[in-house]
**Q** 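Before anything else, here's the structure in question.
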Protein chains: 2
Amino acid sequence: MTQIKAPAAKEPSVSSAVSTINDVARLAGVSIKTVSRVMNDEPNVREETRTKVKEAAARLHYRPNLLARSLAGSRSFLIGLLYDNPSSSYVIDLQQGVIERCRQSGYHVLSEPQDSLAPDIGRAIASLLATIRLDGVILTPPLCDMAVVLDAVEAAGVPYVRVSPSLFPGRSALVEMDDTQAAYEMTQFLLGQGHRDIGFVRGHPEHGSSHRRYDGFIKAMHEAGAEPHSRRIAQGFNSFASGLEAAKALFMDAGNLPTAIFASNDEMAFGVMAYAQQTGVRVPDQVSVVGFDDTPGSMIIWPHLTTIRQPVTDLAYAAADMLLSRASADEDAPNFSDTRRELPFELVMRESAKAV
Amino acid sequence: MTQIKAPAAKEPSVSSAVSTINDVARLAGVSIKTVSRVMNDEPNVREETRTKVKEAAARLHYRPNLLARSLAGSRSFLIGLLYDNPSSSYVIDLQQGVIERCRQSGYHVLSEPQDSLAPDIGRAIASLLATIRLDGVILTPPLCDMAVVLDAVEAAGVPYVRVSPSLFPGRSALVEMDDTQAAYEMTQFLLGQGHRDIGFVRGHPEHGSSHRRYDGFIKAMHEAGAEPHSRRIAQGFNSFASGLEAAKALFMDAGNLPTAIFASNDEMAFGVMAYAQQTGVRVPDQVSVVGFDDTPGSMIIWPHLTTIRQPVTDLAYAAADMLLSRASADEDAPNFSDTRRELPFELVMRESAKAV
DNA sequence: TATTTATTTGACAGCGTTGTCAGATTTGCT
DNA sequence: AGCAAATCTGACAACGCTGTCAAATAAATA
C-alpha cells in the first residue's frame, strides 16, 4: 500500500495572504523585474506601467520580503545599534532616534547590547557581522572608543558611525556634542547668577566626556578669575552613590559651603541633592546644584534639576542619517565632507539653581 | 570608442573573508547539505563526519548567513518586540530580557516601537509582519490589549506572547505578575507598620493594572476594617504631574493628613514626595509614601522609595522563552499547559516609609 | 521613410541556505 | 552469506528577490 504523504497542502485557508512579487507581476501583466523596478523607485519605467504596478501591489497588499531582498541584492535594510550603556534612558533615546530615521528609508534596527568588558568582544562582533550582513552599524560609548571593536567592524567591511567618541578622532564618521563648550556655558551661567565659589564633581575618569566637561568648567572659572580651590573639586564615578560621597567631601566644612555645585552628570547631581537634603542644606537656597545630561530623573526630583540637555535622540538620528544617506549617495558624489556632525546642546533652567 | 565599464572587481583584497557553507563543504570533503545538517544539529550524521565538519567550520570561522537561512528555511531567527511605552526603563528592561533569552538560541531581536494611538496601527503591524517573517512577536501594554493588534498578528500567523495583558485573557499565551496581590501585600505591610489612615493615588483609568492595584489596596484595607474615606482616594494618570496634583488634593486639610500614601506607580509617588517637600511635609516622618514598579528614579530621590519591584526583565525573558521553546517543541508535544506564566513581585523596603 | 539612439521591458542566473527525495552505505537478522 | 531495515549522504530544486544583459519598443535624427 503506497502511502502518499500529502505535501502539506499550502493551507490556502489562512488569510495570511502573503503575496509575492510574482502575484503582483501576474496581476499587473508585467514581469517581476518590472515590479521590482517600481518597488525600488528605479528609473526607466513608463509612468503608465508604474501606475499599473502600484495599483496591483496595493490591491494585493504586497510588501517585498526583506530577507529575499537582502539575499539577492546588496543591501539588508538592517542597521545595527551596538551599545553597552548602563543608562536606560540614554539607550532608549538613542534607539528612538535611530529607528525614527531608519523607518523613513524602510530600514529596521537590530539592537545589540554588547558587554564591553568581555575579553572576546572583538570576536563577538565579528561573528555578529558575519551572521547578519548589516548595512551599517552605530557605535556608542564606550564601544566606540575600543580599538578591537573598530577593527572588527572595519574588517567586516561594514560602514559605521560613532556617537560621541572620545578616542581616534578622524578614524570614522561621527556625531557629537561639544561637552567642553556646554560645561563652559553652564559655568558661565552660574557665574552670571553671581556664584563665585563653585564646587565641581568630576565624572568617571575613564570616560572622555568627563575630562571635556571638567575642562569647560575650569576654563570658564579661569576666565572669570575664580579658579576653584582643590577642596572644591571632588572625584565621582557617574553614580548616585559617588555623587553622595562627593557631596560629603564638598560639604565637609559646614560653615564654609560653596554656593553652587556643578556635577558632571545628573546622577551625581541627584546624589549631591540627596546628601544636601539629608543634612538639612536647602537647595537651591543655600546651595545651587546643576547637572549634565537631562535624564528623566531631573524632572522627578524636587527641586527639578537645572542641567544640560544632551540631544541624544538627535545624535542618534544624525548618525543613522549619515549611514543611510551615504548608502544612497553611493559612488555618485562620495561626500567626504559629511564625516562629522556636531549638534547643539541646551541649557535647561529649572529650580535647582538660583541667583546668589 | 567603446567604454567598457569595469564591473567593480569584487575586491578580493578585503579580508572580510566571509566564508560560505560551500567553503566549509569543500574543506571538509562533504556536501553542503551535510554541513547544513551539522550546523543545525540534525540527526543522521556519523559522529566522525560531524567532527570533521565542525573542524572545517571552525577553521574558516564560518557563520551561517541568517538571511539565507530564513529565506530557505521556515525560521527567520528574528523575534519582534512591539512596544509603545513612555517609560524608557520599562522598555529597556523588557528588551534586555528578550535579547538575553534570544541570544541563547541564536535569535536576534527587532525592536519595533508602534504608536498605539495611530488609527492604522493594525495595518502598520500587518505590513511589518509581511515584510519580515518574524518567528515570534512579543506584545506589551498597551498594544497587547488592542484587538486590532491581536487580529493583525494572528492574521499573519505569527506566534505571539503577551506581557501583562489586561484584556482578552486566554486569547494567547501570556506572562504576568499579580498586581492585585502585590498591592494587597504592600497595603498589608503599611497596615503592619501601624498605618490605618492610608491615602491612595489611583493610576491611569485606561490601564488595566491601575484597577487591579486599586482592588488589592481596597481588599487589604477592607480586611483590616480600615476602609478609606473617599477623600483619601485621588485620581492620577501615572505621571509625575498628576501625582503632584493628587497630593495637593490628599493634603488639602493640613491638620488632617493621612499617615501614609500609596501611589499606584512610582512616577506619581515622586510627585507626591515633591509636593510634600514643597509644602514642608516631611517624608517619611509625617507621611510615608510608597510606590509601585521600582523604576530607576526610586533610587535617586531622597528618601529612596519603598516600592514593588516588577520583574520586568524576567517577564520578558519568560515571554521569549515561551516563544522559543514552543518553536522548538514543535509538534512533538504541543505543550498546551505552558500558556501562562506568573512571576513573583518583590516588596522593596527603602526609606520613604516607616512605622507610625 | 530609413536609421540611429534612447528608453523600456523581460529572461535568466544567482544570493546562501534548507527541504525533499533518491541513492549509497552500514547494521541487524536469519 | 544473504537480505531487509536502518542509517547516512548528496543532487537538486526551491525560497523571493535583484543584477545583468539582451531584446523590444519608442523617440529622435537624417
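Heavy-atom basis, side chains included; hydrogens, waters and symmetry copies ignored. Values in this document were obtained by computation on a predicted structure and should not be read as measured data. Throughout, protein chains are lettered first and strands after them, A, B, ... in sequence-line order, and every chain is numbered starting at 1.
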**Q** According to a strict under-4.0 Å criterion, is A:S36 in side-chain N/O contact with OP1 or OP2 of D:dC17?
**A** no
**Q** For B:R37 and for B:R69, locate the closest nucleotide of DNA chain C by heavy-atom distance; then report the residue assigned to the nucleotide nearer the 5' terminus.
**A** B:R69
**Q** Check the phosphate of C:dT9 against A:R46, side-chain N and O only, distance under 4.0 Å to OP1 or OP2. Yes or no?
**A** yes
**Q** Decide if atom CZ of B:R59 counts as having more than 12 heavy atoms of other residues, nucleotides or ligands within a radius under 6.0 Å.
**A** no
**Q** Do A:Y317 and A:Q96 have a side chain donor and acceptor closer than 3.5 Å?
**A** no
**Q** Answer with base, sugar-phosphate or nothing: what part of the nucleic acid does B:T49 contact at a heavy-atom distance below 4.0 Å?
**A** sugar-phosphate
**Q** How long is the gap from CZ on B:F77 to CG on B:L134, to the nearest 0.5 Å?
**A** 13.5 Å
**Q** Would you mind classifying the nucleic acid contact of A:N44 as base, sugar-phosphate or nothing, using non-hydrogen atoms under 4.0 angstrom?
**A** base
**Q** For the pair B:R75 and B:D135, find out whether any cationic side-chain nitrogen is under 4.0 Å from an anionic carboxylate oxygen.
**A** no
**Q** Nearest to the side chain of A:V30, heavy atoms from C-beta on, is which of D:dC17, C:dG16, C:dG10?
**A** C:dG10
**Q** Closest to the B:K33 side chain: D:dC15, D:dC17, D:dG10?
**A** D:dG10
**Q** Can you tell me if A:N40 touches the phosphate of D:dT18, counting only side-chain N or O atoms and a distance under 4.0 Å to OP1 or OP2?
**A** yes
**Q** For D:dC15, does either OP1 or OP2 sit under 4.0 Å from a side-chain N or O belonging to A:T20?
**A** no
